[in-house]
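Here the structure comes first, spelled out in structure tokens, and everything after it is commentary.
Owing to the predicted nature of the structure, the values given are computational and were not obtained by experimental measurement. Values reported hereafter were calculated over all heavy atoms of this structure, with side chains retained and with hydrogens, waters and symmetry mates removed.
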Amino acid sequence: MSARALPSIPALPNVLFATDLSPGSLLAFPFAASIAHHYHGKIFLAHITSSEDYAPVQGTARTTLNRLQMGVEEGIVAALGGLQDIPHEVLLDHGDVRSSLMTVADRCRIDLIAIGTHGWRGIKKLLRGSTAEEIACMAARPVMTVGPHVSSECDFRHILYETDFSPESARAMPFAFSLAEAYHASLLCLHVNELGSKEPPVLAGQKTQEFFNKHVCRDTCGDLVEKCSATVEFGSRTECILNVANGRSIDLIVMGLHASRGIKARVSAHLPGSTAYDVTAEARCPVITVPIASKTEFLDEYSPEFD
């Protein structure tokens, strides 16, 4: 079933599943295929060989390589399965993995990138970095990241949308609405009043409900309104998001993310994780992050009217 077309509700028909063929990266495939199916779209299966592992070849060797590539394409489709009813295309390339994926996403007009992550923390993340986090930071489109604790269940019946009232989180809300409609899921809006926040706790609940109601009435249809609710938690943002997700049997988390570019994205991939990364690393369900390129993007349309 597909989401009904509403003026401000985005669709996600073109899904890019990026894999290095490791078990961790393959975890994201069922969820990518499910979203492409629900939007009656197409899934692009991308495998990028890094420049370090690729040796240019010429002449007859090139013909042999092309034949091998055809075999790899057939092998990927056969290994993944579940593609009988979904239009799909295998994309094989070489070069810098991050920039190559961004190029593919632009060329194929991708609506959502799906990737798996090891969810490394501490010294291991510092040394190895997180390709998934770097891609999420660099992308100009939503990214669904599937962490190591996620089960294979990919029916999104209960969706959690987390907001801090920033332009980043407001940008993510229409995507949460879209997915809730596509899957006929319930949608819970969560706002965390963090310890040490300048926001008076007594106002947190009222602001959350007003913010949520404003967008629900404007951006959704009657059927979804009945399945929407809002709640406020107090404490650590990461812990609250995870506790609510586990306690409410959430199947998908949607949240905003401020996009980074170039060296800034690469550095952040090695540093202690952002809230979005920490949630992804520990969550039992996939996490979709929606970037915003600048603080003015979508500000007039989506940002809250509260001081």
Side-chain angles (χ1 to χ4, degrees), residues 10 12 14-22 24-25 27-29 31-32 35 43-54 91-121 124-147 162 166-172 174-175 253-281 283 286-299:
L12 302 168
N14 291 329
V15 180
L16 175 63
F17 166 61
T19 177
D20 60 5
L21 303 181
S22 68
S25 70
L27 290 175
F29 171 72
F31 301 96
I35 291 177
I43 185 169
F44 295 82
L45 313 171
H47 174 61
I48 311 296
T49 303
S50 69
S51 301
E52 299 172 358
D53 300 327
Y54 181 84
L91 304 170
L92 302 179
D93 202 352
H94 68 279
D96 179 79
V97 174
R98 292 85 166 170
S99 59
S100 295
L101 284 176
M102 298 303 107
T103 300
V104 168
D106 290 336
R107 185 177 73 242
C108 298
R109 299 186 178 182
I110 295 300
D111 301 296
L112 175 75
I113 299 174
I115 50 179
T117 181
H118 296 286
W120 284 324
R121 310 291 288 276
K124 187 173 286 190
K125 183 174 188 287
L126 179 64
L127 295 176
R128 300 188 180 185
S130 170
T131 300
E133 183 177 17
E134 187 176 340
I135 290 171
C137 288
M138 292 175 62
R141 49 190 44 81
V143 175
M144 177 173 63
T145 309
V146 180
E162 188 272 337
S166 68
E168 290 86 356
S169 62
R171 169 81 165 93
F175 292 93
I253 298 171
V254 181
M255 58 195 305
L257 180 70
H258 192 83
S260 302
R261 296 290 183 267
I263 189 64
K264 189 174 181 180
R266 301 209 169 189
V267 170
S268 65
H270 290 264
L271 298 178
S274 63
T275 297
Y277 179 82
D278 288 343
V279 169
T280 299
V287 177
I288 290 181
T289 53
V290 181
I292 181 169
S294 68
K295 290 187 177 181
T296 57
E297 182 183 7
F298 289 87
L299 187 59

Checklist entry - Of all heavy-atom pairs between Phe17 and Phe29, which one has the smallest distance, and what is that distance? => result CE1-N, 3.5 Å
Checklist entry - Any donor-acceptor pair under 3.5 Å linking the side chain of His47 with the backbone of Thr19? => result yes
Checklist entry - Does some side-chain heavy atom of Phe44 sit less than 4.5 Å from a side-chain heavy atom of Val104? => result no
Checklist outcome for this item: Note: Ala172 and Val254 closest approach over all heavy atoms is O-CG1, 3.8 Å
Checklist outcome for this item: Closest non-hydrogen contact found for Arg141 with Pro291 is O-CD, 3.4 Å
Item to check | For Ala28 against Ala114, the heavy-atom pair lying closest together | outcome: CB-C, 4.3 Å
Checklist entry - Rounded to the nearest 0.5 Å, what separation is found between the CG atom of Asn14 and the CD1 atom of Ile110? => result 5.5 Å
Next on the checklist: Side chains of Thr275 and Met255, heavy atoms from C-beta outward: is any pair under 4.5 Å?
Outcome noted: yes
Checklist entry - What distance do Ile113 atom CD1 and Met144 atom CE have between them, rounded to the nearest 0.5 Å? => result 11.0 Å
Item to check | Distance, nearest 0.5 Å, that separates CE of Met102 from CG of Leu16 | outcome: 8.0 Å
Checklist entry - From Ile253 CD1 over to Thr289 OG1, what is the distance, rounded to the nearest 0.5 angstrom? => result 11.5 Å
Checklist outcome for this item: Rounded to the nearest 0.5 angstrom, the CD1-OG distance for Ile135 and Ser99 is 10.0 Å
Checklist entry - In chain order, what residues pass the side chain to side chain contact (heavy atoms under 4.5 Å, CB included) check against Leu12, with sequence neighbours excluded? => result Ile35, Tyr39, Asp111, Leu112, Phe175, Leu179
